[in-house]
Amino acid sequence: MFMLLVIIVLMQVFTFGLGRSLQWLLAGKIGVRGRRILMAGAFVVTNLLIAGLLLQLGHAVFRWTALWMVLLLYVMYAALVTFLLYLLLCKILDQKPMARSLRVFAPLFLLGLLAYSAYNAYTPAVRHYQVVLDKPLAKPLRIGVASDLHLGALVGKGQLQKLSEIMRREKVDIILLPGDLMDDNVAAYRAENMQPALAKLQAPLGVYATLGNHDLFGHQSEIVQELTKAGIQVLRNSSKVAGGKVLVVGRNDDSDHSRPSTAALLAGQDTSLPVLLMDHRPTEIDLHSQLPIDIQVSGHVHNGQIAPANWIVRQLNRVAYGYQQIGNGHFFVTSGFGFWGVPFRLGSQAEVVVIEVSGKNSVSAH
């Protein structure tokens, strides 16, 4: 509730900033009445969306609210950069031509910010890591990781094609998909017939997934069914030995309140093998560092997705993004392949993680 109140207050402040920015942009073209209408209109849009959100009027309202919030934030960024530019130029340029130039610059900067953010959302980077396990491994193992696909209306067959091409080009031995494969349900997935594209995701030791919070909003049975049809092995609080080489453990998101502990999932398993854990949220890394887990892959936090949220998630998580070795365990948190809510990323980028794993007795490169 506290965070909701903070968001509502910030939206009011940012809405005022939007109104003032529009008034400045159109100065000389509208009168006092027009200025008041602009300000009032901005507040009407903001508070209608907030009301729709509070009344839970549907997923579409949620998306439009998220889009409006991003727009408000980006307008603030554009206003700040424009003001700083004004401070730099005010002593060397005449006021009138400078004002005209800044009124052209501000909306162009906003459009550029939106375009750059869309590029980051739809253009996945490939991040490479190398780790050495304190366990035998006959030869290096390449793990491909893609979390948070959020397949739906905004992430479809085109993005899946990019993902399968990356995994094929990287010659990964095994693919791990640690949650949020679907964006709440399978409606768009089925409507766009994404199954053939998802089925192209293949690796010699198999493709494994677990369920994230967006996979557990009441449609998990259909989601598991569709993933299985595409050849993906869904590990729902379970484990499997892949190719006789590694133990893969999949743990549902913690919104599954009946999920067993990781220690319970490992009980009775052959942990002399390299243990790969998929846990959607990176919230129990400290606990897992005390268990016989060699590699954990997580997602969920999207590296904040849009700045300054990346700073916030780093305050809330031991590892919010990237890689950290704790004890004998290697912990990876990816920013995710897809995105949540809006097709924008700022201060983060869509990505695929490739982990080259060697054992203490590895004798040859892959």
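- No single ILVMFWY cluster, assembled from side-chain heavy atoms under 4.5 Å apart, contains both Val61 and Leu71.
- The minimum heavy-atom distance between Arg281 and Asp253, with the atom names listed, is NE-OD1, 2.6 Å.
- Side chain of Arg36 to backbone of Gly31: no donor-acceptor contact under 3.5 angstrom is found.
- Lys157 has no carboxylate O lying under 4.0 Å from a charged side-chain N of Glu192, or vice versa, which leaves the two without a salt bridge.
- Between the side chains of Gln12 and Asn47, at least one donor N or O sits under 3.5 Å from an acceptor N or O.
- Proximity of a side-chain donor or acceptor of Asp215 to a complementary backbone N or O of Asp180 within less than 3.5 Å is detected.
- Around atom CG of Asn328, no more than 12 heavy atoms belonging to other residues, nucleotides or ligands sit under 6.0 Å away.
- Contact of the Val297 side chain with the Leu276 side chain is not registered, since no non-hydrogen atoms from C-beta on lie closer than 4.5 Å.
- By the neighbour-count criterion of 12 heavy atoms within 6.0 Å, atom CZ of Arg127 is densely surrounded, having more than that number from other residues, nucleotides or ligands.
- Across all non-hydrogen atoms, the minimal contact from Asn303 to Val313 is C-CG2, 4.2 Å.
- A continuous path of hydrophobic side-chain contacts links Phe105 to Leu113 [ILVMFWY only; heavy atoms under 4.5 Å].
- To the nearest 0.5 Å, atom CD1 of residue Ile223 and atom CE of residue Met182 are 6.0 Å apart.
- Side chain of Gln220 to backbone of Gly218: a donor-acceptor contact under 3.5 angstrom is found.
- One side chain, Lys240 or Gln233, offers a donor N or O that lies under 3.5 Å from an acceptor on the other.
- Considering CD of Gln305 and CZ of Arg345, their distance stands at 5.0 Å, rounded to 0.5 Å.
- For Phe62 and Trp340, the distance between ring centers is under 6.0 angstrom.
- Interatomic distance, NE2 of His300 versus OG1 of Thr283, reported as 8.0 Å (0.5 Å rounding).
- Separation of atoms CD (Gln161) and CG (Leu198) is listed at 11.5 Å; rounding is to 0.5 Å.
- Between the side chain of Gln349 and the main chain of Thr123, a donor-acceptor pair closer than 3.5 Å is present.
- Environment of CH2 in Trp24: crowded, with over 12 heavy atoms of neighbouring residues, nucleotides or ligands closer than 6.0 Å.
- A heavy-atom distance below 4.5 Å is not found between the side chains of Phe344 and Leu73.
- Shortest non-hydrogen contact noted between Asp183 and Gly152 is CB-CA, 4.4 Å.
- Note on ring orientation: taking the six-membered ring where Trp is involved, the planes of Tyr323 and Tyr129 are tilted (angle from 30° to 60°).
- Annotation: side chain of Ile285 is in contact with side chain of Val333 (closest heavy-atom distance under 4.5 Å).
- In terms of heavy atoms, Pro124 sits closest to Ile166 at CG-CD1, 3.9 Å.
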Inset, instruction - Dump the intermediate steps for side chain to side chain contact (heavy atoms under 4.5 Å, CB included) on Asn310 and Tyr321, then the final yes or no. - result: CA-CA 9 Å; Asn310 46 359; Tyr321 175 68; over 6 Å; no
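- Counted within 6.0 Å of CD on Gln315, heavy atoms from surrounding residues, nucleotides or ligands total more than 12; the atom is thus considered enclosed.
- The existence of a salt bridge linking Lys139 and Asp173 is excluded, since no basic side-chain nitrogen approaches an acidic carboxylate oxygen closer than 4.0 Å.
- Around atom NZ of Lys162, more than 12 heavy atoms belonging to other residues, nucleotides or ligands sit under 6.0 Å away.
- Residue Val186 is grouped with residue Leu177 when hydrophobic side chains (ILVMFWY) are merged at heavy-atom distances under 4.5 angstrom, including chains of intermediate members.
- In this structure, Tyr77 OH and Leu346 CG are separated by 6.0 Å, a value rounded to the nearest 0.5 Å.
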Inset, instruction - Please assess Val354 against Val126 for the test side chain to side chain contact (heavy atoms under 4.5 Å, CB included), listing each intermediate value before the final yes or no. - result: CA-CA 7 Å; Val354 177; Val126 181; 3.9 Å; yes
Inset, instruction - Determine, step by step, whether Leu273 and Lys135 satisfy the side chain to side chain contact (heavy atoms under 4.5 Å, CB included) criterion, reporting the C-alpha distance in whole Å, the side-chain angles of both residues, the deciding distance to 0.1 Å, and the verdict. - result: CA-CA 7 Å; Leu273 293 172; Lys135 287 182 179 178; 6.0 Å; no
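- Gln195 places no side-chain N or O within 3.5 Å of a backbone atom of Ala197 that could act as its donor or acceptor partner.
- Contact detail for Ser164 and Leu201: the closest heavy-atom pair is CA-CD1, 3.8 Å.
- The two atoms that bring Gly179 and Ser147 nearest to each other are O-OG, 3.8 Å, heavy atoms only.
- Remark: side-chain polar atoms of Arg35 are not paired, donor with acceptor, to backbone N or O of Ala27 under 3.5 angstrom.
- A 6.0 Å sphere centred on CZ of Phe83 holds no more than 12 heavy atoms belonging to other residues, nucleotides or ligands.
- Under the 4.5 Å side-chain heavy-atom criterion for Ile, Leu, Val, Met, Phe, Trp and Tyr, Leu26 and Phe109 are members of the same hydrophobic cluster.
- Under the 4.5 Å side-chain heavy-atom criterion for grouping Ile, Leu, Val, Met, Phe, Trp and Tyr, Val301 is not connected to Met278 through any hydrophobic cluster.
- A donor-acceptor pair is defined here as one N or O able to donate and one able to accept, closer than 3.5 Å; no such pair exists between the side chain of Asp94 and the backbone of Lys96.
- Between Arg259 and Asp279 there is a salt bridge, since a side-chain N of the basic residue sits under 4.0 Å from a carboxylate O of the acidic one.
- Distance alone, capped at 3.5 Å, places no donor-acceptor pair between the Arg142 side chain and the Glu356 backbone.
- One N or O on the side chain of His280 and one on the backbone of Pro178 form a donor-acceptor pair closer than 3.5 Å.
- You'll find the ring centres of Tyr122 and Phe339 inside the 6.0 Å limit.
- Remark: Gln225 CD is packed, more than 12 non-hydrogen atoms of other residues, nucleotides or ligands lying under 6.0 Å away.
- Among the candidates Ile295, Ile143, Thr210, Leu235, the single residue satisfying the side-chain contact (heavy atoms from CB on, under 4.5 Å) test with Val248 is Leu235.
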Inset, instruction - Could you check Thr46 against Leu72 for side chain to side chain contact (heavy atoms under 4.5 Å, CB included), going step by step and ending with a plain yes or no? - result: CA-CA 9 Å; Thr46 292; Leu72 291 176; 4.1 Å; yes
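- Residues Glu351 and Thr334 meet the side-chain proximity criterion, which asks for heavy atoms closer than 4.5 Å.
- The distance from the CD1 atom of Ile355 to the NE2 atom of His128 is 11.0 Å, given to the nearest 0.5 Å.
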